[in-house]
S.K.: 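Let me give you the structure first, and then I'll get to my questions.
We name chains A, B, ... by the order of the sequence lines, and we start the count at 1 in each one.
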Amino acid sequence: MARVITGTRDDRSLSMAREAASARYNFKEAEARWQAAWEAAGVFHARRDPTRPKYYVLEMFPYPSGRIHMGHARNYSMGDVVARYKRAQGFNVLHPMGWDAFGMPAENAAMEQKTHPAAWTYDNIATMRRQLRTMGLSLDWAREIATCDAAYYRHEQLMFLEFLAADLAYRKDGWVNWDPVDQTVLANEQVIDGKGWRSGAEVEKRQLQQWFLRITRYADDLLDALQRLDRWPSKVCLMQENWIGRSEGMRVRFEIVGASEGLEIFTTRHDTLFGASFCAVSPDHPLAERAAAGDPALAAFIARCHATGTSEAALEKAEKEGYDTGLRCRHPFRADVLLPVYVANFVLMEYGTGAIFGCPGHDQRDLDFARKYGLPVIPVVHPAGTDPATFAIGAEAYVGDGRHCNSDFLDGLDVPDAKAEVARRLTAAERGVVEVNWRLRDWGISRQRYWGCPIPVIHCDNCGVVPVPKSDLPVLLPDDVDFGAPGNPLDRHPTWKHVACPSCGRPARRETDTMDTFVDSSWYFARFCSPAADRPVDRADVDYWLPVDQYIGGVEHAVLHLLYARFFTRAMRDCGHLGIDEPFAGLFTQGMVCHETYRAATGEWVTPAEIARADGGGAIWAKTGAPITVGRSEKMSKSKKNVIDPEDIIETYGADTARWFMLSDSPPERDLEWTEAGIAGTWRFVNRLWRMVAQSELPIAGADIAHPPAGADDDPALRAARQKIHRTIAGVTGDLEAFHFNRAVARVHELANALAEIGGTDPAAAFVRREGFAVLVRLIGPMMPHLAEELWRALGHATLVAAEPWPVADPALVVEDVVTVAVQVGGKTRGTIALARDASQAEAEVAAMALPAVVAAMQGKSPRRVVYVPNRIVNVVL
RNA sequence: GCCCGCUUGGCGGAACCGGCAGACGCAACGGACUUAAAAUCCGUUUCCCUCUGGGAGUGGGGGUUCGAGUCCCCCAGCGGGCACCA
């Protein structure tokens, strides 16, 4: 480029500014232009076409919180790579976007800012849609859905009624966190140190009639099917497995001395019954409550258990405590042995029968308990190689395998045999049954809130719970609601809940609970297949598009959302809406986006934008010059102010730079560290590619030359370049298939470096240059789609890269004909040799022994053995 | 407490099935261009030494192997999950 600079200093700086602008890729103009071109060509519209193979790519849809954050940007960049790559591979790609639009933040905003939740939500959606559009994602916006739209939730209500009819939905008492000041139910995360997050009031545990979905009906299948989810991270499968928590054991009835009723306990170690030294029940067990009625000290103990709670707080204080009820129960095999019955803080009412027997010898928790209360510790299983007569339990319970001892008829049996024998005898005596227990509990979906999908039932004093007739759906949320008072606005609405009973016509009340927003997100992937259908889904559409081939989102949804969606898929299948069992054939969980944290001496967090570098290298607060402590990189969060707004980045560097940076370096499943230097470096690379291709000073052959001219394969440098080009196609293709975006990026860098090396103005060089650039442009297409289009056009094409097929590598150029083989002596590398591909051992040995360094290292000795792995290594063993 | 994962230069990371450790990028340093700066281009960059060469090296210790970042055992640190799950 000519650089003629004349004139005064001021003129010069002005012209330099102009030149600097002209020498740089104008992403703003180009990105807008290509987004319009894609839109005009309709390249991202998905149409059902049974003649073509389909591919459904889905990223977890966002909650419309206000603005997209970097986590969204990373998630959607990855999904878009997959969508564009699969499209280029010839698949009919479905890549939709929508909004998980119900939920508490809208109500909080309504209370704090006096806006309506709907207005707040739709404003946010408009902002975030605009932001997402600037990223240039290959989405089919015609399929956009918002879960707060009645056109969406009416179908959810219909399915609820179907679930009700199928006994998949039911009502029962459930425990809730009740905030007595706000008159509302709190989620677990809203309870901080036992107090309501907003009111600060002491939270009460209350029993309320709640709606539940019977996920436990599918417990077995939800567990078994995990085995077949071979494109899910094994970590997620393991977490779901633990969550479902199947355990095989026995329910055993202990007789209570002087009482007509027995005590039913659940155990997975019925083989250790002879080691029992106490029984314990949950503080919520009916027996405990009855005993407490006549024992104020026990009542106080139970109250204390409730205060500590069963969740995180209990973790801190792992002290096992109990209270002796004074009751005694009889050992099922030894009528003369009486065991004390305790109320213990570590026994959960929700699991099993809410009662256990304690075997201190073989359960650590029971051992701790026994030591504290001076109960006997009887070993009944001894490990192989120990003497049962002397084997004793010290500070640690023995939970391993072994033979039974001190156990009457079980003595000498191993654990499985002993279990079988106990099961046989107890079953025969009708004192116990073999049982499978699950940790998984039914899904409580009732929320005492306004901004959610209304549960379509009516309560009639005469008829009980009456479903809303399907013809009356949807049950719409009223618009005129008041957030000025505590409690559920639906409940205190003057007219909304008063309706006639559909069954008897008398005055009745609507259900004022709305559904958990996890219900909304449990089937949205299916709705995307037919977003305008007048039923929940169109069977022909879902049969074609489902399952989702690749689902991408945060690992924080590893259990709840993904398990609920798996449940919903089965429930919808059983109601005739779907023909599949599993919603997501492939799952990828991406890492978080992190950034350094900055803190002033006052303890105040400071945003990255306000940081400057001091002369000494340290960080200072730009506006005051105050020193700043740079903290370790943490997940971007508003509270620590270490956030970078994607919109700012797109404004400064463009969408392609932002996308490429987020795909570089960090493997997608790991956390990404956002750095200013990194994004600036990416911007330089974008410009480098643009200059190389669009501003090339060397000739690039025309688009119509299909075959390499003579010389392209004879010149060693050009042939090497062509090999690099085709190996890069093969490499990047493999990397994208395997979600190794960072490696794909590295390969593109290598290719760009190799292409920059090609000199010469002859036709052969011009051809290789074109071949390389045309490949490079299509390879970056899924990652930097706008730049790819810009360069594609610069290469003389009138087509869109977005609609171009994926490049195919020439196998002859991928295979290496000469390989570099390392030569080791005694395992130490002494040099390398160039060998023909798949050379024989004899050839390899001759070449290896010819290396002076090898001869020197052998010190005249003769090799004992020469290990030769073709194309890899020669190891001379002395 | 239990379960799972991770640990490679100054930094992010690469290294396929056990076969040349450090690709690629960032940062830093040196040089070219410039009155100067920015941008760009060209180099250097794991550490150590007695430096045309040699040695060590993938959190620490041990093992298997001709050969270990990779496999096995022990330990440490960091991160994640959990309902003390009977």
Side-chain angles (χ1 to χ4, degrees), chain A residues 1 3 5 9 16 19-20 23-24 233-236 238-239 241-243 245 247 249-250 265-270 272 280 310-312 314-315 317-320 344-348 350-359 362-366 368-369 437-441 555-556 558-559 633 661 664-667 670-673 675-682 684-685 687-688 691 731 734 738 740 742-753 756 820-832 853 863-878:
Chain A
M1 280 164 288
R3 290 167 188 247
I5 298 169
R9 198 172 183 83
M16 280 193 305
E19 187 199 43
R24 286 189 166 209
S234 50
K235 171 191 173 163
V236 172
L238 185 68
M239 283 166 70
E241 196 180 313
N242 291 337
W243 187 266
S247 57
M250 281 198 85
I265 61 97
F266 177 75
T267 178
T268 55
R269 288 302 302 272
H270 36 285
T272 64
T310 52
S311 51
E312 296 134 84
L315 261 170
K317 256 218 173 289
E319 181 74 30
K320 283 130 194 77
N345 63 351
F346 61 90
V347 180
L348 299 175
E350 292 84 1
Y351 190 80
T353 61
I356 62 160
F357 83 84
C359 178
H362 306 284
D363 182 292
Q364 190 59 43
R365 195 185 38 221
D366 294 349
D368 295 344
F369 192 82
N437 245 293
W438 303 87
R439 177 185 179 277
L440 183 69
R441 300 200 275 266
V555 73
E556 65 272 21
V559 177
S633 189
F661 173 65
S664 308
D665 292 355
S666 297
R670 279 202 227 165
D671 289 351
L672 169 109
E673 188 174 347
T675 62
E676 322 310 311
I679 187 76
T682 304
R684 287 199 297 273
F685 180 67
N687 278 288
R688 182 172 172 228
R691 280 193 308 273
H740 293 154
N742 56 322
R743 298 204 309 205
V745 165
R747 283 185 212 274
V748 169
H749 273 285
E750 286 185 63
L751 179 60
N753 291 343
T820 304
V821 171
V823 180
Q824 301 182 335
V825 177
K828 279 189 179 151
T829 304
R830 296 295 170 183
T832 61
R864 205 151 48 89
R865 186 182 154 198
V866 179
V867 177
Y868 172 54
V869 180
N871 310 322
R872 292 215 180 269
I873 204 159
V874 175
N875 189 5
V876 180
V877 185
L878 295 177

S.K.: Between A/Phe685 and A/His749, what is the ring plane arrangement, given parallel below 30°, perpendicular above 60°, and tilted in between?
M.R.: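 Geometry flag for A/His749 against A/Phe685: tilted rings.
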S.K.: If anything within 90° of 0 is syn and all else is anti, what is B/C17?
M.R.: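 Base orientation relative to the sugar is syn.
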S.K.: Looking at every strand, decide which applies to A/Thr820 at a 4.0 Å heavy-atom threshold: base, sugar-phosphate, or nothing.
M.R.: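 The residue A/Thr820 makes base contact.
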S.K.: Under a 4.5 Å cut-off applied to non-hydrogen side-chain atoms, are A/Asn753 and A/Arg688 in contact?
M.R.: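 A side-chain contact under 4.5 Å exists here.
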S.K.: Which whole number of Å gives the distance between the P atom of B/G62 and that of B/U70?
M.R.: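 Here B/G62 and B/U70 have their P atoms 14 Å from each other.
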S.K.: Syn or anti for B/C51, with syn set at within 90° of 0?
M.R.: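 Because its glycosidic torsion lies within 90° of 0, B/C51 adopts the syn conformation.
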S.K.: Where do A/Ile356 and A/Phe346 land on the side-chain contact (heavy atoms from CB on, under 4.5 Å) test, with the steps shown first?
M.R.: CA-CA 10 Å; A/Ile356 62 160; A/Phe346 61 90; 3.9 Å; yes
S.K.: Could you go step by step and tell me if A/Val867 and A/Ile873 meet the side-chain contact (heavy atoms from CB on, under 4.5 Å) rule?
M.R.: CA-CA 8 Å; A/Val867 177; A/Ile873 204 159; 5.5 Å; no
S.K.: Could you measure between the two C1' atoms, the one in B/G61 and the one in B/G1, and give it in whole Å?
M.R.: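 These two C1' atoms come out 27 Å apart once rounded.
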S.K.: Go through B/C85, B/A39, B/C84 for me and flag the one nearest to the A/Asn345 side chain.
M.R.: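 Nearest listed nucleotide: B/C84.
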S.K.: Tell me the interatomic distance from A/Ile873, atom CD1, to B/C16, atom C1', rounded to whole angstroms.
M.R.: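 It works out to 16 Å between those atoms.
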S.K.: Ignoring hydrogens, what is the shortest heavy-atom contact between A/Glu673 and A/Ser666? Give both atom names and the distance.
M.R.: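 Closest pair (atom of A/Glu673, atom of A/Ser666, distance): N-OG, 4.1 Å.
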S.K.: Work out which heavy atom in A/Val745 is nearest to a heavy atom in A/Ser664; give both atom names and the distance.
M.R.: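 Smallest interatomic distance, heavy atoms only, reads CG1-OG, 3.5 Å.
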S.K.: Using the P atom as the point on both nucleotides, what is the distance between B/G53 and B/U8, in whole Å?
M.R.: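 About 32 Å, rounded to a whole number of Å.
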S.K.: Taking syn as within 90° of 0 and anti otherwise, name the glycosidic form of B/G61.
M.R.: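 Anti for B/G61; the angle lies over 90° from 0.
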S.K.: For each nucleotide in nucleotides 42-56 of chain B, reading 5' to 3', give B when a protein heavy atom comes within less than 4.0 Å of its base, S when such contact involves only the sugar-phosphate, and - otherwise.
M.R.: -------------SS
S.K.: So what's B/C85 paired with, Watson-Crick or G-U wobble, going by both distances under 3.5 Å?
M.R.: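 None - no nucleotide pairs with B/C85, as no candidate has both distances under 3.5 Å.
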S.K.: Could you work out the separation of B/C42 and B/A21 based on their P atoms and round it to a whole Å?
M.R.: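 Rounded to whole Å, the distance is 28 Å.
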S.K.: Would you kindly give the CG-to-C1' distance between A/Asp363 and B/C84, to the nearest whole Å?
M.R.: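 Whole-Å distance recorded here is 9 Å.
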S.K.: Does a side-chain heavy-atom distance below 4.5 Å link A/Asn345 with A/Phe369?
M.R.: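 Result no, sub-4.5 Å side-chain heavy-atom pair not found.
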S.K.: With respect to the phosphate group of B/C85, does any side-chain polar atom (N or O) of A/Arg365 fall under 4.0 Å of OP1 or OP2?
M.R.: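 So the side chain of A/Arg365 is within the cut-off, an N or O lying under 4.0 Å from OP1 or OP2 of B/C85.
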S.K.: How would nucleotides 23-28 of chain B be written as a contact map, 5' to 3', with B for base contact, S for sugar-phosphate-only contact and - for no contact, using protein heavy atoms under 4.0 Å?
M.R.: BSSSS-
S.K.: Which value, rounded to the nearest 0.5 Å, describes the distance between A/Arg747 atom CZ and A/Asn742 atom CG?
M.R.: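 A/Arg747 CZ to A/Asn742 CG: 10.5 Å, rounded to 0.5 Å.
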S.K.: Under 4.0 Å: is that the gap between some side-chain N or O of A/Ser664 and OP1 or OP2 of B/G12?
M.R.: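 No, outside the criterion.
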S.K.: Sort out the partner of B/G19 for me: Watson-Crick or G-U wobble, both distances under 3.5 Å, none otherwise.
M.R.: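 Here B/G19 is engaged in a pair, and the nucleotide opposite it is B/C66.
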S.K.: Checking base pairs now: Watson-Crick or wobble, both atom distances under 3.5 Å. What partners B/U7?
M.R.: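 Its partner is B/A76 (Watson-Crick or G-U wobble, both distances under 3.5 Å).
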S.K.: When the C1' atoms of B/A23 and B/U46 are compared, how many Å lie between them, rounded to an integer?
M.R.: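 B/U46 and B/A23 have their C1' atoms separated by 15 Å.
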S.K.: Nearest-Å distance, CG (A/Asp368) to C1' (B/A86)?
M.R.: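 About 14 Å, once rounded to whole Å.
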S.K.: At what distance, to the nearest 0.5 angstrom, does CG of A/Asn871 lie from OG1 of A/Thr820?
M.R.: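 One finds 10.5 Å between CG of A/Asn871 and OG1 of A/Thr820.
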S.K.: Distance check: side-chain N/O of A/Arg865 vs OP1/OP2 of B/C66, anything under 4.0 Å?
M.R.: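 Result: yes.
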S.K.: Determine whether A/Val876 and A/Arg830 satisfy the following criterion, side-chain contact (heavy atoms from CB on, under 4.5 Å), listing intermediate values before the conclusion.
M.R.: CA-CA 10 Å; A/Val876 180; A/Arg830 296 295 170 183; over 6 Å; no
S.K.: Any protein N or O atoms within reach of nucleotides 7-11 of chain B? Criterion: under 3.5 Å, listing atom names and distances.
M.R.:
none

S.K.: Could you state the atom-to-atom distance from CG of A/Asn875 to P of B/C20 in whole Å?
M.R.: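 Checked: the CG to P distance equals 11 Å.
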S.K.: Run the numbers on A/Phe357 and A/Asp363 for side-chain contact (heavy atoms from CB on, under 4.5 Å), then give the verdict.
M.R.: CA-CA 11 Å; A/Phe357 83 84; A/Asp363 182 292; over 6 Å; no
S.K.: When the P atoms of B/G25 and B/A36 are considered, how many whole Å apart are they?
M.R.: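 Straight-line distance between the two P atoms is 29 Å.
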S.K.: For A/Phe685 and B/U40, give me the distance from atom CZ to atom C1', rounded to whole Å.
M.R.: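 These atoms are roughly 15 Å apart.
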S.K.: B/C66, B/A86, B/C41: which one has an atom nearest the side-chain heavy atoms of A/Phe266?
M.R.: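 The listed nucleotide nearest to A/Phe266's side chain is B/A86.
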S.K.: A/Thr267 or A/Thr829: which one's nearest nucleotide on RNA chain B is closer to the 5' end?
M.R.: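 Here A/Thr829 is the residue nearer the 5' end.
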S.K.: Just verifying a value: how many Å separate A/Asp665 CG and A/Thr682 OG1, rounded to the nearest 0.5 Å?
M.R.: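 Those atoms lie 7.5 Å apart.
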S.K.: Between A/Val867 and A/Leu238, which is nearer to the 5' end of RNA chain B once each is assigned its nearest nucleotide?
M.R.: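 Its nucleotide being nearer the 5' end, the pick is A/Leu238.
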S.K.: Quick check against the 3.5 Å criterion: does A/Asn687 have a side-chain atom that pairs as donor or acceptor with the backbone of A/Arg24?
M.R.: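 No, A/Asn687 side chain to A/Arg24 backbone: no donor-acceptor pair under 3.5 Å.
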S.K.: What distance, rounded to whole Å, do you find between the two P atoms, one in B/G18 and one in B/C11?
M.R.: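 Nearest-Å result for B/G18 against B/C11 at atom P: 28 Å.
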S.K.: State whether the side chain of A/Asn875 and the backbone N or O of A/Gly827 hold a donor-acceptor pair below 3.5 Å, judged by distance alone.
M.R.: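 Yes.
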S.K.: Any base atoms under 4.0 Å from A/Leu440, or only sugar-phosphate, or nothing? Heavy atoms, all strands.
M.R.: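 The answer is base, as A/Leu440 lies within the cut-off (heavy atoms under 4.0 Å) of a base atom.
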S.K.: With a 3.5 angstrom cut-off on both distances, give the Watson-Crick or G-U wobble partner of B/C41, or none if there isn't one.
M.R.: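 Base-paired to B/G31.
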S.K.: Strictly distance-based, threshold 3.5 Å: is any side-chain N or O of A/Arg864 a donor or acceptor partner for the main-chain N or O of A/Leu878?
M.R.: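 Yes; judged by distance alone, with no hydrogens or angles, the pair exists.
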S.K.: Using the C1' atom in both, what is the distance from B/A86 to B/U64, to the nearest Å?
M.R.: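 Result for the C1' pair: 41 Å, nearest Å.
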S.K.: Whole angstroms only, please: what is the CD-P distance between A/Gln364 and B/C2?
M.R.: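 Interatomic distance, CD of A/Gln364 to P of B/C2: 8 Å.
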S.K.: Could you tell me the separation between the CG atom of A/Asp671 and the P atom of B/C78, rounded to a whole number of Å?
M.R.: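 Distance check: A/Asp671 CG to B/C78 P gives 17 Å.
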S.K.: Would you mind reading off the distance between A/Gln824 atom CD and B/C20 atom C1', rounded to a whole angstrom?
M.R.: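 Between C1' of B/C20 and CD of A/Gln824: 8 Å.
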